[in-house]
Amino acid sequence: MSDSEEEIQERQLKIVLLGDGASGKTSLSTRFAQEAFGKQYKQTIGLDFFLKRITLPGNLNVTLQVWDIGGQTIGGKMLDKYIYGAQIMYVFDIVACVVSFELFILLNTNMLMMKSTSEISFMSSVLTLIDLEHMRTVKMEKHQRFCQENGLMSQFVSAKTGDSACLCFQRLAAEILGIKLSKAEMEQSQHVVKADIVNYSQELVARAVNPPRSSMCSVQ
Ligand SMILES: Nc1nc2c(ncn2[C@@H]2O[C@H](COP(=O)(O)OP(=O)(O)OP(=O)(O)O)[C@@H](O)[C@H]2O)c(=O)[nH]1
């Protein structure tokens with residue numbers, strides 16, 4: 001049987017993104033499903049859905065149903081309905097992560113109580129906004145340790161640059177379905193990160209070439 005004649009299998013997975021408000025859930029979902037990014041923050045009221053089909057090794061087509069739960073909805077009564085039968089991806093951002101870790105503990109306690117009835121799995125945690133390195137309040141190692149302690153897959157992403165945004169869903173889907181991705185397969189789904197081109201005005205260039213005399217006084 002040739003490759004093209006191989007049987008194509010279809011699966012569907014429900015992935016729920018949970019995290020603090022403005023931690024980057026919608027941006028990550030949009031980057032993954034629509035390959036787009038918006039700088040403007042628009043709070044998610046309730047929840048949003050995204051659908052994307054990916055192909056995993058072994059000719060396996062997987063449709064990912066991504067449920068983007070608004071940060072304000074986490075304490076709400078509907079949460080147990082939303083997370084029913086889902087794989088949970090926790091979303092923290094490197095800027096406000098310290099606060100979010102506390103949120104996680106609270107969430108985890110609530111969700112463990114729901115777990116017996118809701119058939120949910122805690123699979124993965126992503127640290128978002130990694131392009132904002134200069135504003136970081138948490139070390140990568142702290143997130144990795146946190147994930148190890150809680151049995152979660154640790155991933156670092158940026159919806160802005162696209163860095164690892166698709167890969168984090170691909171890795172999660174593979175893990176859920178018990179598929180091991182090779183290094184080459186992971187690299188293939190890795191987005192090429194492009195840096196912004198800064199368009200310095202002529203004036204700035206001129207100032208750099210002929211810097212103005214310093215007007216600073218020094219008292220000796
Ligand atoms: N620099 C940078 N900004 C990001 C990134 N991801 C999200 N943002 C910005 O962070 C803000 C919040 O992002 P959202 O994706 O709306 O956050 P959210 O978690 O969905 O927020 P809620 O709807 O309140 O739950 C927006 O202004 C985004 O443009 C990123 O990777 N890098």
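Read the numbers this way: they start at 1 and go in the same order the structure lists the ligands and their atoms. None of the values given here were measured: they were computed from a predicted structure.
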### Nitrogen or oxygen of Gln43 less than 3.5 angstrom from that of ligand 1
no
## Note on the structure
OG (Ser124) and CD (Gln155) are apart, to the nearest 0.5 Å, by 4.5 Å
### Query
For Gly21 and ligand 1, does the shortest N/O to N/O distance drop below 3.5 Å?
no
### Message
Taking only non-hydrogen atoms of Leu129, do any sit less than 4.0 angstrom from ligand 1?
### Response
yes
### Message
Measuring only between side-chain heavy atoms, which start at C-beta, is Ser125 closer than 4.5 Å to Phe92?
### Response
yes
### Query
Heavy-atom distance under 4.5 Å between the side chains of Ile54 and Phe32, does that happen here?
yes
### Shortest non-hydrogen separation from Ile94 to Leu132 and the atoms involved
CD1-O, 3.4 Å
### Task
Indicate yes or no: does Glu10 engage Arg53 in a salt bridge with an N to O separation below 4.0 Å.
yes
### Query
Which protein non-hydrogen atom lies closest to atom 23 (O) of ligand 1, naming both residue and atom, and how far is it?
Thr44 N, 2.7 Å
### Task
Assess whether side-chain hydrogen bond (donor to acceptor under 3.5 Å, both in side chains) is satisfied between Asp163 and Ser158, documenting all intermediate values.
CA-CA 5 Å; Asp163 192 3; Ser158 166; over 6 Å; no
#### Entry: Asp68 side chain to Ser29 side chain, donor-acceptor N/O pair below 3.5 angstrom
no
### Summary
If we number the atoms of ligand 1 from 1 as shown, the ones under 4.0 Å from a heavy atom of Leu132 are 1 (N)
### Query
Which heavy atom of the protein is the closest neighbour of atom 19 (O) of ligand 1, given with residue, atom name and distance?
Lys25 NZ, 2.7 Å
### Query
Mind checking whether Ser23 has an N or O less than 3.5 Å away from an N or O of ligand 1?
yes
### Query
Any idea which atoms of ligand 1 are less than 4.0 Å away from a heavy-atom of Gly70?
25 (O)
#### Entry: Close N or O approach (Phe37, ligand 1; < 3.5 Å)
no
## Note on the structure
atom 27 (O) of ligand 1 has as its nearest protein heavy atom Lys39 O, 2.8 Å
#### Entry: Minimum side-chain heavy-atom gap Gln65-Phe50 below 4.5 Å
no
## Note on the structure
Taking only non-hydrogen atoms of Gly38 and a 4.0 Å limit, the atoms of ligand 1 in range are 28 (C), 29 (O)
### Query
Which ligand 1 atoms, with their elements, are less than 4.0 angstrom from a heavy-atom of Gly71?
22 (P), 25 (O)
### Nearest protein heavy atom with distance in Å, relative to atom 20 (O) of ligand 1
Thr26 OG1, 2.7 Å
### atom 7 (C) of ligand 1: nearest protein contact (heavy atom, Å)
Ser27 OG, 3.1 Å
## Note on the structure
atom 21 (O) of ligand 1: closest protein heavy atom, distance to 0.1 Å, is Ala22 N, 2.8 Å
### Message
If I take atom OG1 from residue Thr55 and atom CD from residue Gln9, how far apart are they, to the nearest 0.5 angstrom?
### Response
12.0 Å
### Query
Is the closest N or O pair between Asp68 and ligand 1 shorter than 3.5 Å?
no
### Task
Could you see which bit of Asp131 sits under 4.0 Å from ligand 1, with heavy atoms only: side chain, backbone, both or neither?
side chain
### Query
What residue and atom, counting heavy atoms only, is the protein's closest point to atom 24 (O) of ligand 1, and at what distance?
Tyr41 OH, 2.5 Å
### Query
Can you list the ligand 1 atoms lying under 4.0 Å from a non-hydrogen atom of Ser158?
31 (O)
### Query
Tell me, which protein residue and heavy-atom name are nearest atom 31 (O) of ligand 1, and how many Å apart are they?
Ala159 N, 2.9 Å
### Task
Test side-chain hydrogen bond (donor to acceptor under 3.5 Å, both in side chains) on Asp131 and Thr161 and set out the steps.
CA-CA 7 Å; Asp131 56 290; Thr161 62; 5.4 Å; no
### Query
Side chains of Cys166 and Glu35: closer than 4.5 Å at any heavy-atom pair?
no
### Query
How far apart are the C-alpha atoms of Ser23 and Asp93, what are their side-chain angles, what is the distance that settles it, and do they pass the side-chain hydrogen bond (donor to acceptor under 3.5 Å, both in side chains) test?
CA-CA 5 Å; Ser23 56; Asp93 69 86; 5.0 Å; no
### Non-hydrogen atoms of Gly70 and Lys25 that approach each other most closely
C-CE, 4.4 Å
### Message
Taking 4.0 Å as the limit for heavy-atom contacts, which would you say applies to Asp20 with ligand 1: side chain only, backbone only, both, or neither?
### Response
backbone
### Message
Tell me whether ligand 1 is touched by Gly19 - counting only heavy atoms on the residue side and a distance under 4.0 Å.
### Response
no
